Amino acid sequence: MPAFPQSTSPTTTVAAVPPALRLPVIEAAFPRRVHPYWPRLQGRTRAWLLEKRLMPADKVAEHADGLCYTDLMAGYYMGAPDEVLQAIADYSAWFFVWDDRHDRDVVHGRRTAWRRLRTRLHAALDSPRDHLHHRDPVVAGLADSLLRLYSFLGRKWNTRFARHFHEVIDAYDREFHNRTRNVVPTVEEYLELRRLTFAHWIWTDLLEPSAGRELPTAVRKHRAYRRAALLSQEFAAWYNDLCSLPKELAGAEVHNLGISLIHHQGLTPEEAVENVRWRVEKCITEFIDAEKDVVRFADSLNDGTLRGRQLRAAVRACVGNMRNWFSSVYWFHHESGRYMVDDWDDRSTPPYVSNETAGGK
(Lines give C-alpha, C1' and ligand atoms only; values in the text may rest on other atoms or scores of the structure.)
Protein backbone atom coordinates (compact mmCIF):
# COMPACT_ATOMS: atom_id res chain seq x y z
CA MET A 1 0.00 0.00 0.00
CA PRO A 2 1.46 3.38 -0.91
CA ALA A 3 2.23 5.95 1.74
CA PHE A 4 -0.16 8.87 2.20
CA PRO A 5 -3.11 7.22 0.41
CA GLN A 6 -5.55 10.11 0.75
CA SER A 7 -3.70 11.78 -2.13
CA THR A 8 -5.84 13.51 -4.72
CA SER A 9 -4.17 11.46 -7.43
CA PRO A 10 -6.81 9.30 -9.19
CA THR A 11 -4.35 6.41 -9.40
CA THR A 12 -3.76 6.21 -5.63
CA THR A 13 -5.63 3.69 -3.48
CA VAL A 14 -7.30 5.04 -0.36
CA ALA A 15 -6.66 3.15 2.88
CA ALA A 16 -9.73 1.30 4.12
CA VAL A 17 -10.89 2.55 7.51
CA PRO A 18 -13.41 0.35 9.35
CA PRO A 19 -16.68 2.21 10.05
CA ALA A 20 -16.24 1.91 13.83
CA LEU A 21 -12.86 3.63 13.59
CA ARG A 22 -13.61 6.19 10.91
CA LEU A 23 -13.38 9.85 11.92
CA PRO A 24 -14.81 11.98 9.10
CA VAL A 25 -13.65 15.21 10.78
CA ILE A 26 -10.02 14.06 10.54
CA GLU A 27 -10.40 13.13 6.88
CA ALA A 28 -12.13 16.44 6.07
CA ALA A 29 -10.59 19.06 8.36
CA PHE A 30 -7.07 17.72 9.04
CA PRO A 31 -5.43 17.36 5.62
CA ARG A 32 -2.43 15.09 5.66
CA ARG A 33 0.96 16.50 4.83
CA VAL A 34 4.32 14.87 4.26
CA HIS A 35 7.81 16.22 4.75
CA PRO A 36 9.63 16.39 1.39
CA TYR A 37 12.53 14.45 2.91
CA TRP A 38 10.32 11.39 3.49
CA PRO A 39 11.52 9.13 0.62
CA ARG A 40 15.15 9.43 1.76
CA LEU A 41 14.09 9.25 5.39
CA GLN A 42 12.53 5.84 4.86
CA GLY A 43 15.65 4.35 3.27
CA ARG A 44 18.04 5.81 5.83
CA THR A 45 16.00 4.67 8.84
CA ARG A 46 15.85 1.20 7.29
CA ALA A 47 19.66 1.26 6.98
CA TRP A 48 20.00 2.53 10.55
CA LEU A 49 17.91 -0.34 11.92
CA LEU A 50 20.28 -2.74 10.16
CA GLU A 51 23.44 -0.94 11.21
CA LYS A 52 22.39 -0.90 14.87
CA ARG A 53 21.14 -4.53 14.73
CA LEU A 54 17.75 -3.47 16.06
CA MET A 55 15.94 -5.80 13.67
CA PRO A 56 17.29 -8.83 11.79
CA ALA A 57 18.02 -8.23 8.12
CA ASP A 58 15.16 -10.45 6.95
CA LYS A 59 12.69 -8.61 9.19
CA VAL A 60 13.91 -5.23 7.96
CA ALA A 61 13.63 -6.31 4.33
CA GLU A 62 10.15 -7.77 4.76
CA HIS A 63 8.53 -5.43 7.28
CA ALA A 64 10.36 -2.14 7.89
CA ASP A 65 8.68 -0.10 5.15
CA GLY A 66 5.26 -1.61 5.79
CA LEU A 67 5.41 -0.70 9.47
CA CYS A 68 5.30 2.96 8.35
CA TYR A 69 7.32 4.31 11.29
CA THR A 70 8.93 6.95 9.10
CA ASP A 71 5.56 7.87 7.59
CA LEU A 72 4.29 8.71 11.07
CA MET A 73 7.14 11.10 11.81
CA ALA A 74 7.26 12.59 8.28
CA GLY A 75 3.61 13.52 8.66
CA TYR A 76 4.16 15.15 12.04
CA TYR A 77 7.32 17.23 12.22
CA MET A 78 6.82 19.38 9.14
CA GLY A 79 9.40 22.09 8.61
CA ALA A 80 12.09 20.23 10.53
CA PRO A 81 15.59 20.32 9.02
CA ASP A 82 16.37 17.02 7.32
CA GLU A 83 18.95 15.99 9.92
CA VAL A 84 16.51 16.71 12.75
CA LEU A 85 13.73 14.69 11.14
CA GLN A 86 16.16 11.83 10.50
CA ALA A 87 17.23 11.75 14.15
CA ILE A 88 13.60 11.86 15.31
CA ALA A 89 12.55 9.11 12.88
CA ASP A 90 15.40 6.84 13.97
CA TYR A 91 14.54 7.48 17.61
CA SER A 92 10.88 6.71 16.88
CA ALA A 93 11.81 3.45 15.16
CA TRP A 94 13.99 2.62 18.17
CA PHE A 95 11.03 3.37 20.46
CA PHE A 96 8.82 0.86 18.63
CA VAL A 97 11.57 -1.77 18.81
CA TRP A 98 11.93 -1.13 22.54
CA ASP A 99 8.16 -1.36 22.97
CA ASP A 100 8.22 -4.75 21.22
CA ARG A 101 11.07 -5.93 23.46
CA HIS A 102 9.09 -4.85 26.53
CA ASP A 103 6.03 -6.71 25.25
CA ARG A 104 7.98 -9.91 24.64
CA ASP A 105 9.53 -9.67 28.12
CA VAL A 106 6.01 -9.41 29.54
CA VAL A 107 4.63 -12.28 27.43
CA HIS A 108 7.48 -14.60 28.40
CA GLY A 109 7.70 -13.43 32.02
CA ARG A 110 11.32 -12.32 31.68
CA ARG A 111 11.48 -10.27 34.86
CA THR A 112 15.27 -10.36 35.22
CA ALA A 113 15.83 -9.42 31.59
CA TRP A 114 13.42 -6.49 31.87
CA ARG A 115 14.98 -5.19 35.10
CA ARG A 116 18.42 -5.36 33.50
CA LEU A 117 17.25 -3.50 30.40
CA ARG A 118 15.43 -0.86 32.44
CA THR A 119 18.58 -0.14 34.47
CA ARG A 120 20.75 0.08 31.35
CA LEU A 121 18.35 2.45 29.59
CA HIS A 122 18.36 4.80 32.57
CA ALA A 123 22.17 4.75 32.51
CA ALA A 124 22.35 5.35 28.74
CA LEU A 125 20.01 8.28 29.11
CA ASP A 126 22.38 9.96 31.55
CA SER A 127 25.60 9.14 29.67
CA PRO A 128 24.85 8.12 26.09
CA ARG A 129 28.44 8.40 24.89
CA ASP A 130 29.47 5.67 27.34
CA HIS A 131 26.86 3.30 25.89
CA LEU A 132 27.38 3.75 22.14
CA HIS A 133 28.99 0.33 21.81
CA HIS A 134 26.94 -1.55 24.37
CA ARG A 135 26.46 -5.22 23.56
CA ASP A 136 22.68 -4.87 23.77
CA PRO A 137 21.52 -3.24 20.51
CA VAL A 138 18.54 -1.60 22.23
CA VAL A 139 20.85 0.18 24.67
CA ALA A 140 23.36 1.16 21.98
CA GLY A 141 20.57 2.32 19.65
CA LEU A 142 19.15 4.61 22.32
CA ALA A 143 22.60 6.05 22.99
CA ASP A 144 23.13 6.81 19.31
CA SER A 145 19.71 8.46 19.03
CA LEU A 146 20.26 10.58 22.10
CA LEU A 147 23.64 11.93 21.01
CA ARG A 148 22.07 13.13 17.77
CA LEU A 149 18.98 14.60 19.42
CA TYR A 150 21.10 16.31 22.09
CA SER A 151 23.13 18.11 19.42
CA PHE A 152 20.34 20.37 18.17
CA LEU A 153 19.42 22.59 21.13
CA GLY A 154 20.98 23.53 24.45
CA ARG A 155 21.72 21.79 27.71
CA LYS A 156 18.41 22.85 29.31
CA TRP A 157 16.42 21.16 26.56
CA ASN A 158 18.58 18.04 26.82
CA THR A 159 18.08 17.87 30.58
CA ARG A 160 14.33 18.27 30.19
CA PHE A 161 14.15 15.58 27.50
CA ALA A 162 16.18 13.19 29.67
CA ARG A 163 13.96 13.88 32.68
CA HIS A 164 10.85 13.18 30.65
CA PHE A 165 12.27 9.95 29.26
CA HIS A 166 13.37 8.70 32.69
CA GLU A 167 9.68 9.02 33.60
CA VAL A 168 8.70 7.03 30.51
CA ILE A 169 11.07 4.18 31.42
CA ASP A 170 9.66 4.06 34.95
CA ALA A 171 6.12 4.03 33.54
CA TYR A 172 6.99 1.07 31.33
CA ASP A 173 8.21 -0.66 34.50
CA ARG A 174 4.83 -0.03 36.17
CA GLU A 175 3.09 -1.41 33.09
CA PHE A 176 5.34 -4.48 33.21
CA HIS A 177 4.30 -5.19 36.78
CA ASN A 178 0.61 -4.59 36.04
CA ARG A 179 0.62 -6.91 33.06
CA THR A 180 2.63 -9.72 34.67
CA ARG A 181 0.40 -9.57 37.79
CA ASN A 182 -2.85 -9.14 35.83
CA VAL A 183 -3.64 -5.80 37.49
CA VAL A 184 -6.14 -3.61 35.62
CA PRO A 185 -5.52 0.03 36.62
CA THR A 186 -8.47 2.26 37.41
CA VAL A 187 -9.48 4.74 34.73
CA GLU A 188 -7.69 7.62 36.47
CA GLU A 189 -4.60 5.50 37.14
CA TYR A 190 -4.58 4.38 33.53
CA LEU A 191 -4.95 7.90 32.10
CA GLU A 192 -2.01 9.10 34.19
CA LEU A 193 0.14 6.11 33.25
CA ARG A 194 -0.81 6.29 29.56
CA ARG A 195 0.46 9.87 29.30
CA LEU A 196 3.85 8.46 30.20
CA THR A 197 3.88 5.16 28.31
CA PHE A 198 2.75 7.00 25.19
CA ALA A 199 5.52 9.56 25.91
CA HIS A 200 3.27 12.61 25.56
CA TRP A 201 5.90 15.09 26.64
CA ILE A 202 8.73 13.48 24.64
CA TRP A 203 6.93 13.97 21.32
CA THR A 204 5.97 17.49 22.43
CA ASP A 205 9.58 18.29 23.35
CA LEU A 206 10.65 17.26 19.86
CA LEU A 207 8.48 19.98 18.33
CA GLU A 208 11.15 22.46 19.42
CA PRO A 209 14.20 21.18 17.49
CA SER A 210 11.82 20.77 14.55
CA ALA A 211 10.99 24.48 14.84
CA GLY A 212 14.66 25.32 15.35
CA ARG A 213 14.17 26.97 18.72
CA GLU A 214 13.95 26.05 22.39
CA LEU A 215 10.82 27.60 23.86
CA PRO A 216 11.03 29.54 27.13
CA THR A 217 9.46 27.86 30.15
CA ALA A 218 6.74 30.51 30.34
CA VAL A 219 5.72 29.70 26.76
CA ARG A 220 5.76 25.91 27.15
CA LYS A 221 3.75 26.11 30.36
CA HIS A 222 1.29 28.68 29.10
CA ARG A 223 -2.23 27.30 29.56
CA ALA A 224 -3.14 27.48 25.87
CA TYR A 225 0.08 25.87 24.60
CA ARG A 226 0.04 23.07 27.16
CA ARG A 227 -3.64 22.32 26.58
CA ALA A 228 -3.24 22.04 22.82
CA ALA A 229 -0.16 19.83 23.22
CA LEU A 230 -1.93 17.53 25.67
CA LEU A 231 -5.04 17.22 23.50
CA SER A 232 -3.00 16.23 20.46
CA GLN A 233 -1.25 13.50 22.42
CA GLU A 234 -4.37 12.28 24.23
CA PHE A 235 -6.07 11.88 20.86
CA ALA A 236 -3.22 9.67 19.67
CA ALA A 237 -3.12 7.51 22.79
CA TRP A 238 -6.88 7.00 23.00
CA TYR A 239 -7.30 6.40 19.28
CA ASN A 240 -4.64 3.73 19.61
CA ASP A 241 -6.65 2.19 22.44
CA LEU A 242 -9.82 2.34 20.36
CA CYS A 243 -8.15 0.56 17.44
CA SER A 244 -6.54 -2.13 19.61
CA LEU A 245 -9.40 -2.80 22.07
CA PRO A 246 -10.88 -5.89 20.33
CA LYS A 247 -7.43 -7.50 20.00
CA GLU A 248 -6.49 -6.70 23.60
CA LEU A 249 -9.81 -7.94 24.98
CA ALA A 250 -9.28 -11.22 23.12
CA GLY A 251 -5.76 -11.44 24.50
CA ALA A 252 -6.82 -10.80 28.12
CA GLU A 253 -4.78 -7.59 28.20
CA VAL A 254 -4.99 -5.16 31.13
CA HIS A 255 -3.62 -1.93 29.65
CA ASN A 256 -6.25 -0.18 27.56
CA LEU A 257 -8.64 2.63 28.43
CA GLY A 258 -11.58 0.52 27.28
CA ILE A 259 -10.52 -2.39 29.50
CA SER A 260 -10.27 -0.09 32.53
CA LEU A 261 -13.76 1.21 31.78
CA ILE A 262 -15.12 -2.34 31.51
CA HIS A 263 -13.34 -3.63 34.60
CA HIS A 264 -13.86 -0.72 36.99
CA GLN A 265 -16.99 1.04 35.73
CA GLY A 266 -19.00 -1.97 34.62
CA LEU A 267 -19.35 -0.96 30.96
CA THR A 268 -20.05 -3.54 28.30
CA PRO A 269 -17.44 -3.82 25.52
CA GLU A 270 -19.82 -1.95 23.20
CA GLU A 271 -20.30 0.83 25.76
CA ALA A 272 -16.54 1.02 26.30
CA VAL A 273 -15.98 1.48 22.57
CA GLU A 274 -18.56 4.28 22.54
CA ASN A 275 -16.93 5.94 25.56
CA VAL A 276 -13.41 5.83 24.13
CA ARG A 277 -14.65 7.08 20.78
CA TRP A 278 -16.46 9.95 22.54
CA ARG A 279 -13.21 10.89 24.28
CA VAL A 280 -11.31 10.76 20.99
CA GLU A 281 -13.85 12.99 19.23
CA LYS A 282 -13.88 15.39 22.18
CA CYS A 283 -10.09 15.76 21.86
CA ILE A 284 -10.54 16.82 18.24
CA THR A 285 -13.20 19.45 18.88
CA GLU A 286 -11.40 20.83 21.93
CA PHE A 287 -8.11 20.98 20.03
CA ILE A 288 -9.69 23.11 17.31
CA ASP A 289 -10.60 25.69 19.97
CA ALA A 290 -7.27 25.36 21.77
CA GLU A 291 -5.39 25.82 18.51
CA LYS A 292 -6.99 29.24 18.04
CA ASP A 293 -5.92 30.22 21.55
CA VAL A 294 -2.32 29.20 20.84
CA VAL A 295 -2.24 31.20 17.60
CA ARG A 296 -3.49 34.28 19.45
CA PHE A 297 -0.90 33.67 22.16
CA ALA A 298 1.85 33.29 19.53
CA ASP A 299 0.85 36.57 17.90
CA SER A 300 1.03 38.31 21.28
CA LEU A 301 4.69 37.29 21.57
CA ASN A 302 5.63 39.43 18.59
CA ASP A 303 6.73 42.65 20.27
CA GLY A 304 8.42 44.03 17.18
CA THR A 305 11.87 42.71 18.09
CA LEU A 306 13.72 39.99 16.18
CA ARG A 307 13.36 37.68 19.19
CA GLY A 308 9.64 38.34 19.34
CA ARG A 309 9.16 37.57 15.67
CA GLN A 310 11.21 34.39 15.93
CA LEU A 311 9.35 33.23 19.01
CA ARG A 312 6.00 33.85 17.34
CA ALA A 313 7.10 31.81 14.31
CA ALA A 314 8.37 28.95 16.50
CA VAL A 315 5.15 28.70 18.52
CA ARG A 316 3.05 28.80 15.35
CA ALA A 317 5.23 26.04 13.86
CA CYS A 318 4.79 23.92 16.98
CA VAL A 319 1.00 24.24 17.10
CA GLY A 320 0.82 23.60 13.35
CA ASN A 321 2.62 20.32 13.91
CA MET A 322 0.33 19.44 16.82
CA ARG A 323 -2.45 19.64 14.22
CA ASN A 324 -0.45 17.41 11.85
CA TRP A 325 -0.23 14.76 14.58
CA PHE A 326 -3.97 14.08 14.28
CA SER A 327 -3.93 13.09 10.63
CA SER A 328 -0.57 11.35 10.83
CA VAL A 329 -1.65 9.14 13.74
CA TYR A 330 -5.04 8.45 12.18
CA TRP A 331 -3.71 7.16 8.87
CA PHE A 332 -0.79 5.36 10.51
CA HIS A 333 -3.20 3.08 12.34
CA HIS A 334 -4.80 2.00 9.06
CA GLU A 335 -1.61 1.58 7.01
CA SER A 336 0.98 0.13 9.39
CA GLY A 337 1.52 -3.61 9.45
CA ARG A 338 1.82 -3.18 13.21
CA TYR A 339 -1.97 -3.13 13.50
CA MET A 340 -2.97 -5.63 10.81
CA VAL A 341 -3.36 -8.43 13.33
CA ASP A 342 -5.87 -10.37 11.23
CA ASP A 343 -3.18 -10.85 8.59
CA TRP A 344 -0.66 -12.43 10.99
CA ASP A 345 -0.04 -16.19 10.96
CA ASP A 346 0.02 -16.09 14.77
CA ARG A 347 -2.12 -13.35 16.33
CA SER A 348 -0.09 -13.56 19.56
CA THR A 349 3.29 -12.95 17.93
CA PRO A 350 3.99 -9.98 15.64
CA PRO A 351 5.72 -11.17 12.48
CA TYR A 352 8.21 -8.27 12.61
CA VAL A 353 9.82 -9.41 15.90
CA SER A 354 12.28 -12.22 16.51
CA ASN A 355 10.40 -13.88 19.33
CA GLU A 356 13.12 -16.34 20.23
CA THR A 357 15.96 -13.87 20.65
CA ALA A 358 14.24 -10.71 21.88
CA GLY A 359 15.54 -9.67 25.26
CA GLY A 360 18.28 -12.28 25.31
CA LYS A 361 21.76 -11.33 26.42
Side-chain angles (χ1 to χ4, degrees), residues 17-26 30 99 102-103 105-107 109 114 164 167-204 223 226-290 322 325-326 329-330 332-334 336 338-342 347-348:
V17 181
L21 302 176
R22 188 165 179 238
L23 297 172
V25 66
I26 294 293
F30 289 76
D99 184 76
H102 175 266
D103 179 69
D105 281 349
V106 169
V107 168
W114 166 248
H164 285 160
E167 293 171 350
V168 171
I169 296 169
D170 287 339
Y172 264 71
D173 189 49
R174 297 207 300 277
E175 180 180 328
F176 183 93
H177 289 292
N178 284 345
R179 290 178 62 189
T180 54
R181 296 171 184 175
N182 203 35
V183 174
V184 179
T186 67
V187 172
E188 288 308 312
E189 288 170 342
Y190 178 78
L191 293 178
E192 179 184 354
L193 186 59
R194 186 63 162 146
R195 287 170 186 143
L196 294 170
T197 58
F198 203 83
H200 282 21
W201 301 116
I202 290 294
W203 307 118
T204 302
R223 179 194 60 81
R226 194 167 178 85
R227 180 168 176 257
L230 182 61
L231 286 167
S232 73
Q233 294 296 324
E234 300 279 57
F235 164 81
W238 299 344
Y239 191 67
N240 178 272
D241 281 2
L242 182 65
C243 291
S244 60
L245 181 58
K247 172 180 72 75
E248 293 182 348
L249 278 173
E253 254 286 8
V254 299
H255 263 249
N256 185 292
L257 176 55
I259 291 171
S260 289
L261 288 163
I262 292 167
H263 189 83
H264 291 286
Q265 296 191 7
L267 273 61
T268 65
E270 293 76 17
E271 290 169 338
V273 167
E274 290 177 6
N275 185 286
V276 177
R277 185 181 175 99
W278 170 77
R279 291 171 187 257
V280 165
E281 292 174 337
K282 192 166 181 280
C283 279
I284 301 169
T285 57
E286 290 188 359
F287 175 81
I288 292 171
D289 289 336
M322 291 175 199
W325 190 225
F326 286 82
V329 163
Y330 178 72
F332 173 68
H333 278 84
H334 304 296
S336 175
R338 191 174 181 87
Y339 302 103
M340 296 179 182
V341 182
D342 291 339
R347 289 173 61 90
S348 68

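Keep in mind it's a predicted model, so treat the numbers as computed, not measured.
Residues satisfying the salt bridge (charged side-chain N to carboxylate O under 4.0 Å, His left out) criterion with D170, sequence neighbours excluded, are absent altogether. Every side-chain contact (heavy atoms from CB on, under 4.5 Å) that V187 has, sequence neighbours left out, goes to L191, L257, S260, L261, Q265, R279. In terms of the side-chain contact (heavy atoms from CB on, under 4.5 Å) criterion, residue partners of A237 (sequence neighbours excluded) are, by chain and number, R194, F198, H200. Evaluation of the salt bridge (charged side-chain N to carboxylate O under 4.0 Å, His left out) rule for D289 yields no partner, not counting sequence neighbours. Legend: residues meeting side chain to side chain donor-acceptor pair (under 3.5 Å) with R227, ordered by chain and number and at least two apart, are absent.
Only one option out of F332, W325, F326 pairs with V329 in a side-chain contact (heavy atoms from CB on, under 4.5 Å); it is W325.
In plain terms, the two heavy atoms of A272 and I262 that are nearest each other are CB-CG1, 3.7 Å. In plain terms, the two heavy atoms of N256 and S244 that are nearest each other are ND2-OG, 3.5 Å.
A distance of 9.5 Å separates SG in C243 from CG in D241, rounded to the nearest 0.5 Å. For the atom pair CZ (R174) and CD (E189), the distance works out to 9.5 Å, reported to the nearest 0.5 Å. Distance check: E167 CD to Y172 OH gives 14.5 Å after rounding to the nearest 0.5 Å. Note that CG of N178 is 10.5 Å distant from OG1 of T197, once rounded to the nearest 0.5 Å. Atom CE of M322 and atom OG1 of T204 lie 6.0 Å apart (nearest 0.5 Å). The CD1 atom of I259 lies 5.0 Å from the CG atom of L249; values are rounded to the nearest 0.5 Å.
Side chains of D99 and R338 form a contact here, defined as non-hydrogen atoms less than 4.5 Å apart. Side-chain contact between L21 and L242: present, with at least one pair of heavy atoms (C-beta onward) separated by less than 4.5 Å. Residues E175 and V106 are not in side-chain contact: their nearest non-hydrogen atoms beyond the backbone lie 4.5 Å or more apart. When side chains are defined from C-beta on, I284 counts as touching F30, because their heavy atoms get closer than 4.5 Å. For the pair L23 and R277, the minimum side-chain heavy-atom distance is below 4.5 Å. Between E274 and L267, the closest side-chain pair of non-hydrogen atoms is not below 4.5 Å.
Counting only residues at least two apart or in different chains, ring pair (Phe, Tyr, Trp, His ring centres under 6.0 Å) contacts with residues 237-277 comprise Y190-H255, F235-Y239, Y239-Y330, Y239-H333, Y239-H334.
By the 6.0 Å contact criterion, CD on E271 is enclosed, its count of non-hydrogen atoms from other residues, nucleotides or ligands being greater than 12.
In this structure, H102 and F176 have perpendicular ring planes: the angle between them is above 60°, well past the 30° mark.
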F287 vs L230, test: side-chain contact (heavy atoms from CB on, under 4.5 Å). Steps then yes/no. CA-CA 9 Å; F287 175 81; L230 182 61; over 6 Å; no
